[in-house]
Amino acid sequence: MDYGTLRGIFTVIIFVLFIIIVVWAYSKKRKTSFDEAANSIFDEDDNVNKEKQETNKNV
């Protein structure tokens with residue numbers, strides 16, 4: 001096996017891994033968890049604002 005063949009095999013392996021990752025990322029099973037992760041930053045902001053309001057009421 002020469003260096004060119006190894007590079008070709010490595011390229012095919014990387015391409016297959018790329019396709020697997022793309023299929024995983026766009027599968028319908030993952031949509032809900034990705035949506036939750038995308039919106040989690042907004043949930044944290046709401047919790048911080050509520051804590052600030054409660055702190056201001058106590059002062």
Side-chain angles (χ1 to χ4, degrees):
M1 226 185 253
D2 63 343
Y3 189 65
T5 304
L6 289 175
R7 287 179 66 181
I9 292 171
F10 183 72
T11 302
V12 170
I13 290 170
I14 295 298
F15 181 71
V16 168
L17 288 174
F18 174 76
I19 296 299
I20 290 170
I21 291 170
V22 168
V23 168
W24 172 78
Y26 286 101
S27 68
K28 293 188 182 213
K29 292 179 183 178
R30 303 293 305 166
K31 183 174 177 10
T32 56
S33 62
F34 285 145
D35 287 341
E36 288 175 5
N39 291 325
S40 68
I41 190 165
F42 301 118
D43 294 338
E44 290 176 6
D45 287 343
D46 291 340
N47 292 336
V48 170
N49 289 335
K50 287 179 184 178
E51 289 175 5
K52 285 182 181 178
Q53 288 175 353
E54 289 175 2
T55 305
N56 290 339
K57 289 179 183 178
N58 294 337
V59 173

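Predicted model only: the values in this text are computed from it and were never measured.
Using a 4.5 Å cut-off between side-chain heavy atoms of Ile, Leu, Val, Met, Phe, Trp and Tyr, with links allowed through other members, Phe18 and Phe10 fall into different hydrophobic clusters. In the hydrophobic clustering of this structure, Ile19 does not group with Ile21; members are Ile, Leu, Val, Met, Phe, Trp, Tyr whose side-chain heavy atoms approach within less than 4.5 Å, directly or through other members.
Among all heavy-atom pairs drawn from Ser40 and Ala37, the shortest one is OG-O, 2.9 Å.
Evaluated for a side chain to side chain contact (heavy atoms under 4.5 Å, CB included) with Ile13, the options Thr11, Val16, Ile9 yield exactly one hit, Ile9.
Side chains of Asp2 and Thr5: a donor on one and an acceptor on the other come within 3.5 Å.
Rounding to the nearest 0.5 Å gives a distance of 13.5 Å between CZ of Phe34 and CG of Asn39.
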